[in-house]
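Read the structure below first, then the notes.
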Amino acid sequence: MSKMLNSGKSKETRTKSYLRNVLPVSPNRSYISFDILRRVLKDYFKYDVFYCMNITDIDDKIIRRARQNHLLDQYKEKQPQAAQILQDVLSAALALTTDPDKKQMLERLDAGVMAALLPLQAAMQGKAAPAVVHPLAQLLLESSKDVLSDWLDQQFGSHVTENSIFSVLPSFWEGEYHKDMEALNVLPPDVLTRVSEYVPEIVEFVRQVVSNGFGYESSGSVYFDTVKFDSGPQHSYGKLVPEAVGDQKALQEGEGDLSISADRLSEKKSPNDFALWKASKPGEPSWDSPWGKGRPGWHIECSAMAGSVLGESMDIHGGGFDLRFPHHDNELAQSEAFFQNDYWVRYFLHTGHLTIAGCKMSKSLKNFITIKDALAKNTARQLRLAFLMHSWKDTLDYSSNTMESAVQYEKFLNEFFLNVKDILRAPSDITGQFEKWEAAETELNDSFSDRKCAVHAALCDNVDTRGAVEEMRLLVGMSNGYIAGRKGAKRRPNRMLVESIALYLTGMLKVFGAIEGSEPIGFPVGGQSQSADLESTVMPYLTVLSDFREGVRKIAREQKVTELLQLCDVVRDDTLPELGVRLEDHEGLPTVVKMVDKETLLKEKEEKKQMAKLAKMKLPAGEMFRSDTDKYSKFDETGFPTHDVEGKELSKGQAKKLRKLFEAQEKLHSEYLQRSHHED
């Protein structure tokens, strides 16, 4: 990959990403990772990328689930009585185990099923009214749908034969998938192929493989002859993971749950052979073929569909790390057997696994999160930044720590962009924008050049986005140091230099898909739903307000009008944050105006409130008045004030008022000490 990117040649890079199935959509590593890779190739390296994606809508798991859903819907349409539902759920549970003991049977049930089953049993034994029993029965029916649908499938699954029944489920989840991809800002493919629409092409592909001598028919199915293929001088089976050849567990997983019965396995010449075409059994969708009614094997669909669009060779084939064997190795073999070549794929890119809190993502282990759930916790940009901060080929752990790192990185960048925008808003004539460079500017510009070279080197090295975003972080840190140094000297930073850096960083984030929109600098204000010109439209009015407030504060300080200063603070701390505006007051410098998401500002406000409360709790009561030397001159042994600043003893009324504050602080500090003790 590195060698290809360094070649500098203009070529059409054909990339295929494969979506194995379209059941409930989780934050699969491949979706965002390949979108980033595609964008880098197209927008940074300027390759002409033609992106083809396959969707599997015929698959053993999809077939079973679609059949189960159909049978469960039929069951519900019959509107069974409560007694029937209870009896069927118990029968379904009993079918889960060979042990007839009811206690063990109930232990096998999911906790949710048990929670619904027991109240219904009790209600029916107590001869409760139908108004009580009916909702309990419906609750049990909903809670036990997985157990019940599996039981119904065992009894009646073989009677489901209409092909259209098997298209409803994948069609629904494909729609959900596209919605999720749009929400994640993942670019749509140039071409999308579905297995159900390419069955004629798949049949022809299988026929040609057989004609070329690398496939054979057995009991209505067609298998790929791995021994014949591997023995040829031009071919080699198991190119990607040669050590996995013969791994029967992996091979059987590749064949599918419905295709690993003893009779099916006995149809093969070699245990390593895999199905190109499967004779359909009762309860499975089927299509006509020269070998009888059947359906495509899992591996063949990718080869036939990609081959029909991309031809005899593609530059890049993408997929998850776990698809290397047997799936991609089998794809390679059957495609090279069809095209009679040894270069069907030039480069394979395999993304690392996605784990959740260190564990493999699995629905059965309850360690699973959907894209919608992930987007409820973090924005699409934050998710993308998390992916960018890890190598696409390594495991990515989705955890609170991972996402917090991404959130902090976003905040770090955003503050820089807001500071640069503030610098650029300062009035300047045409000639005034060209300022003299001194040592600080030269040093920052040299660092800017070095960091750009480092980012380029990282992307040339197997598209190392982790290294690239770290170099971008260093550039922002250096720029922040420069800006702080100039402000500390009461001098404006060089406009054109900081603007060039901000434009570069914004451009890179656009390449990565972390920024959408036409804004030249920084993240869009108010999200994608807001007008792209929101900031440029509103900022002149905010600047007028800020200048007016600054004038009021100046007069209030000179004339010591405390009430006006407090009102100015309320505008800054309470009113404007509700509108998504942050004012930053700096002594001796103009107030900085920044447009920030309202939610971010309110979160910052709450964090400051909690930090102030914590700081107050840490203070012992005996120290709370000692710093007020402008009010008190003497204190007792506990730190309680006894005399005012003029040396007069405090009145009983004053002492009583202060004693309440003192005792409240004692209580607050005691709570802090207890909390600290428990945490230790």
Side-chain angles (χ1 to χ4, degrees), residues 1-6 13 15 17 27-47 49 51 181 184-187 315-321 347-355 374 378-399 401-414 416-417 448 450-478 501-516 522-523:
M1 184 71 175
S2 174
K3 182 179 179 182
M4 181 182 74
L5 295 182
N6 281 323
T13 304
T15 307
S17 177
N28 186 300
R29 180 70 187 277
S30 296
Y31 304 144
I32 299 177
S33 291
F34 280 114
D35 186 67
I36 292 170
L37 290 169
R38 176 188 182 184
R39 289 172 181 267
V40 170
L41 289 172
K42 179 170 66 76
D43 297 331
Y44 186 83
F45 289 108
K46 306 304 179 184
Y47 279 82
V49 178
Y51 196 90
M181 293 305 100
L184 288 172
N185 193 31
V186 171
L187 296 173
D315 292 299
I316 297 175
H317 188 323
F321 183 82
Y347 296 90
F348 266 105
L349 303 186
H350 292 109
T351 55
H353 291 298
L354 179 66
T355 59
N378 295 98
T379 65
R381 181 190 301 133
Q382 290 163 354
L383 285 170
R384 186 170 290 256
L385 288 173
F387 278 61
L388 286 164
M389 294 167 72
H390 294 76
S391 171
W392 59 268
K393 60 184 177 58
D394 296 333
T395 296
L396 170 60
D397 184 46
Y398 177 84
S399 65
N401 289 338
T402 297
M403 293 314 304
E404 181 58 26
S405 296
V407 169
Q408 291 304 317
Y409 187 78
E410 178 190 45
K411 184 177 181 181
F412 179 67
L413 291 173
N414 194 41
F416 170 70
F417 290 137
F448 181 24
D450 290 343
R451 299 284 70 76
K452 283 194 292 185
C453 289
V455 168
H456 182 74
L459 295 180
C460 284
D461 184 13
N462 212 20
V463 193
D464 177 17
T465 60
R466 178 180 180 179
V469 297
E470 184 56 33
E471 293 295 339
M472 292 165 63
R473 184 201 300 273
L474 292 174
L475 177 57
V476 172
M478 294 170 182
I501 293 172
L503 287 169
Y504 167 75
L505 291 169
T506 302
M508 289 307 304
L509 290 168
K510 287 183 177 181
V511 166
F512 295 145
I515 292 180
E516 288 292 306
F523 302 124

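- For Lys510, the NZ atom is densely surrounded, since the number of other residues' heavy atoms within 6.0 Å is greater than 12.
- Side-chain contact between Leu509 and Leu413: present, with at least one pair of heavy atoms (C-beta onward) separated by less than 4.5 Å.
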*Before giving the answer on side chain to side chain donor-acceptor pair (under 3.5 Å), spell out for Thr402 and Ser399 the whole-Å C-alpha distance, their side-chain angles and the decisive distance to 0.1 Å.*
CA-CA 5 Å; Thr402 297; Ser399 65; 3.2 Å; yes

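- Judged purely by atom type and a 3.5 angstrom limit, Asp461 has no side-chain atom pairing as donor or acceptor with the backbone of Asp464.
- At least one donor-acceptor pair closer than 3.5 Å links the side chain of Arg381 to the backbone N or O of Ala514.
- A ring-centre distance under 6.0 Å is not found for His350 and Phe321.
- In this structure, Arg29 and Trp392 approach most closely via the heavy-atom pair NH2-CA, 3.2 Å.
- Arg384 places no side-chain N or O within 3.5 Å of a backbone atom of Ile32 that could act as its donor or acceptor partner.
- For the pair Arg466 (side chain) and Ala458 (backbone), a donor-acceptor distance under 3.5 Å is absent.
- Aromatic ring orientation, Phe417 versus Phe523: perpendicular (interplanar angle above 60°, classes split at 30° and 60°).
- Put simply, the side chain of Asp315 does not reach to within 4.5 Å of the side chain of Tyr47, judged on heavy atoms.
- Side-chain atoms of Thr506 come within 3.5 Å of backbone atoms of Gly522 as a donor-acceptor pair (strictly under, hydrogens ignored).
- Counting all heavy atoms, side chain and backbone alike, Leu459 lies closest to Ala468 at CD2-CB, 4.0 Å.
- Checking side-chain atoms of Asp35 against main-chain N and O of Leu187 turns up a donor-acceptor pair under 3.5 Å.
- Heavy atoms of other residues, nucleotides or ligands lying less than 6.0 angstrom from CZ of Arg39 number more than 12.
- Here Tyr51 and Phe34 keep their ring centres 6.0 angstrom or further from each other.
- Minimum interatomic distance between Ser30 and Gly319 (heavy atoms only, all atoms of both residues): OG-C, 4.0 Å.
- With hydrogens and angles ignored, the 3.5 Å screen pairs a side-chain donor or acceptor of Tyr409 with a backbone N or O of Val469.
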